[in-house]
Every structure is written in C-alpha cells, then in structure tokens.
Amino acid sequence: MRASGNGGQCVNTTDSAVRLTHYPTGIVIYSQTEKSQLQNKEKAFALLRAKLYDLELQKQQDAEAAERRSQIGTGDRAEKIRTYNFPQGRVTDHRINLTLYKLDKIMNGDIQEILDALIAADQAAKLAKMNDK
C-alpha cells in the first residue's frame, strides 16, 4: 500500500508502506517509517511478534492469577473450611460436607478419617475435571 502523510512525490509514487493483519487475533500492524518496503515489512513483523508475545504472556499471567485467587479465596466468613463445635463435640468440614462427632479424638490427633475423606474428594474433583476436558 502507499504511505500517507508528508514526504512529497516519493510518498505518492512508491508502495512502501506495509499493513499486516493477524486473522486469529484481529491485530493490525501498520508500518511506513522506512523508505524500503522490505524494511517496513521486517519492522511490521517484529511489532506483530512483540504484540503476540505480550498477548500470550498476558493470557498466561491472567490464568495464573485466577488459579491463585481460586486457591486463596477472599477470606470471608462464608469461606470457612472447618468448624469445631465444642459443646456438641462436633467437627464439620465445609469443603466436603463431612460432620464427625469425635471432637475429643480429633483434637488428640486422630484425623485420619478427615484426611481420607479430603483425599477422596480431591481425587473425585480431579477426575471430574479430566472428564470435562
């Protein structure tokens, strides 16, 4: 394509400007800074590579941030993991909806039943995630 702007007759007679369109993302790069079309093309491809790299890097950072947010949570009261009710002798794990009436044994270190239930729930979640893909 022809360049536009200042430059006199040279701009009007040479097709040295380059416009690249990356169809999958819709990114359009336009370069007319050099007199040579080849130099403009190289510059446009370099700009396109940089933009695509930034786009991919941003996607990766967004996915990583979303994963972190899902693991950390907001810290609200509604996100409590476990409730220890001493008057009733009850322990409730809210992540897997497990209620045990063995608070004294659990406080003495006998937590194997809770661990087994958590492992089973984690494996079930991983299987469900694999089936969704």
L118: hydrophobic cluster co-members (side-chain, 4.5 Å): Y84, F86, V91, I96, L98, L100, L103, I106, M107, I111, I114, L115
Separation of [Y] [atom2] from [X] [atom1] (nearest 0.5 Å):
{"X": "E67", "Y": "D62", "atom1": "CD", "atom2": "CG", "result": "13.5 Å"}
{"X": "S36", "Y": "K41", "atom1": "OG", "atom2": "NZ", "result": "9.5 Å"}
{"X": "Q61", "Y": "R68", "atom1": "CD", "atom2": "CZ", "result": "9.5 Å"}
{"X": "L55", "Y": "Q60", "atom1": "CG", "atom2": "CD", "result": "12.0 Å"}
{"X": "F45", "Y": "L52", "atom1": "CZ", "atom2": "CG", "result": "11.0 Å"}

Check for a donor-acceptor pair, side chain of [X] on one end and backbone N or O of [Y] on the other, with a separation under 3.5 Å.
{"X": "N85", "Y": "R90", "value": "no"}
{"X": "T92", "Y": "H94", "value": "no"}
{"X": "N40", "Y": "E34", "value": "yes"}

Do [X] and [Y] have side-chain heavy atoms sitting under 4.5 Å apart?
{"X": "K51", "Y": "H22", "value": "no"}
{"X": "S16", "Y": "K35", "value": "no"}
{"X": "V28", "Y": "R19", "value": "yes"}

Starting from the C-alpha separation in whole Å, work towards a yes-or-no answer on side-chain contact (heavy atoms from CB on, under 4.5 Å) for K105 and N108. CA-CA 5 Å; K105 290 180 183 178; N108 287 329; 5.7 Å; no
Do you know which two heavy atoms are closest between T33 and K43, and how far apart they sit? OG1-NZ, 3.1 Å
Verify the distance criterion only: is there a donor paired with an acceptor across the side chains of D54 and Q58 at less than 3.5 Å? no
